[in-house]
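Report on the following structure.
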Amino acid sequence: QVQLVESGGGLVQAGGSLRLSCAASGSIFSINTMGWYRQAPGKQRDLVARITKRGGSTNYADSVKGRFIISRDNAKNTVYLQMNSLKPEDTAVYYCNALLLRTSWDYEGTYWGQGTQVTVSS
């Protein structure tokens, strides 16, 4: 079993900051790309940011470039999302995602956290 557990969501005023964390645990051989997605009510789930295993490559949605920073600690199987200059339109449920192998002979699978609510008030 693999679990992704997010934390750090909450209510913040516009212009404020939050830091999300997501820790992966369970039967894990190797974690490749990790990322954050978000889903606002009535909308599809969209990529916010992702980071490769060694952290050498990151991708961001245009709407968060320059405000959000993704990072990871491979020793802790944890990915972070530092969110600065938050806007009301950032309000959504944020989901952690990991592409990982449970064993050395496994195929890469995609796993999701349960989601954490971020609400930005104007």
Side-chain angles (χ1 to χ4, degrees):
Q1 281 281 37
V2 173
Q3 280 191 314
L4 300 181
V5 179
E6 299 114 333
S7 61
L11 173 65
V12 64
Q13 287 189 331
S17 297
L18 283 174
R19 189 189 193 214
L20 305 183
S21 300
C22 171
S25 63
S27 180
I28 298 172
F29 172 74
S30 176
I31 304 178
N32 296 326
T33 300
M34 300 186 80
W36 291 93
Y37 290 71
R38 67 186 181 187
Q39 186 168 20
K43 296 189 176 182
Q44 66 181 20
R45 188 176 299 186
D46 292 324
L47 174 69
V48 176
R50 60 189 172 197
I51 184 168
T52 55
K53 182 175 183 178
R54 302 299 181 192
S57 179
T58 57
N59 297 102
Y60 295 91
D62 288 343
S63 59
V64 307
K65 283 181 181 177
R67 300 188 297 122
F68 291 9
I69 300 172
I70 189 169
S71 61
R72 65 189 285 175
D73 184 336
N74 290 331
K76 297 180 179 179
N77 286 344
T78 299
V79 64
Y80 306 96
L81 186 68
Q82 177 67 43
M83 304 185 294
N84 302 318
S85 302
L86 282 161
K87 304 175 181 180
E89 50 264 44
D90 294 318
T91 295
V93 177
Y94 283 69
Y95 295 91
C96 174
N97 173 268
L99 303 180
L100 62 87
L101 291 85
R102 291 176 299 168
T103 64
S104 60
W105 59 88
D106 198 8
Y107 291 104
E108 183 180 82
T110 185
Y111 294 82
W112 294 93
Q114 79 287 354
T116 185
Q117 178 69 46
V118 172
T119 303
V120 184
S121 63
S122 56

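- The aromatic rings of Tyr94 and Phe68 sit tilted relative to each other, their planes meeting at an angle between 30° and 60°.
- Scanning for side chain to side chain contact (heavy atoms under 4.5 Å, CB included) contacts around Ser25 gives Gln3, with sequence neighbours left out.
- In this structure, the side chain of Tyr60 engages the main chain of Ile70 through a donor-acceptor pair within 3.5 Å.
- Both cation-pi conditions hold for Arg19 and Tyr80: the charged atom is under 6.0 angstrom from the six-membered ring centre and inside a 45 degree cone around its axis.
- To the nearest 0.5 Å, atoms CG (Leu100) and OH (Tyr111) are separated by 5.5 Å.
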**OP:** With side chain to side chain donor-acceptor pair (under 3.5 Å) as the test, would you mind laying out the steps for Gln117 and Thr119 before giving the verdict?
**Re:** CA-CA 6 Å; Gln117 178 69 46; Thr119 303; 3.3 Å; yes
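- The residues Asp90 and Lys87 are annotated as not salt-bridged, no charged nitrogen and carboxylate oxygen being separated by less than 4.0 angstrom.
- Of the N and O atoms on the side chains of Glu108 and Asn32, at least one donor lies less than 3.5 Å from an acceptor on the other residue.
- With rounding to the nearest 0.5 angstrom, the CZ atom of Arg102 is 8.5 Å from the CD atom of Gln1.
- The distance from atom SG of Cys22 to atom CZ of Arg72, rounded to the nearest 0.5 Å, is 10.5 Å.
- Taken from CE in Met34 to CD1 in Ile51, the straight-line distance is 9.5 Å, to the nearest 0.5 Å.
- Aromatic ring centroids of Tyr37 and Trp112 lie under 6.0 Å apart.
- In this structure, Val12 and Met83 have side chains that are not in contact, with every pair of non-hydrogen atoms separated by 4.5 Å or more.
- At a threshold of 4.5 Å between non-hydrogen side-chain atoms, the residues Asn84 and Gln82 count as touching.
- A side-chain N or O of Gln114 and one of Glu6 form a donor-acceptor pair less than 3.5 Å apart.
- In this structure the side chain of Val118 reaches within 4.5 angstrom of the side chain of Val120, judged on heavy atoms.
- In this structure, Arg38 forms no cation-pi arrangement with Tyr95, as its terminal cationic atom is not both closer than 6.0 Å to the ring centre and no more than 45° off the ring axis.
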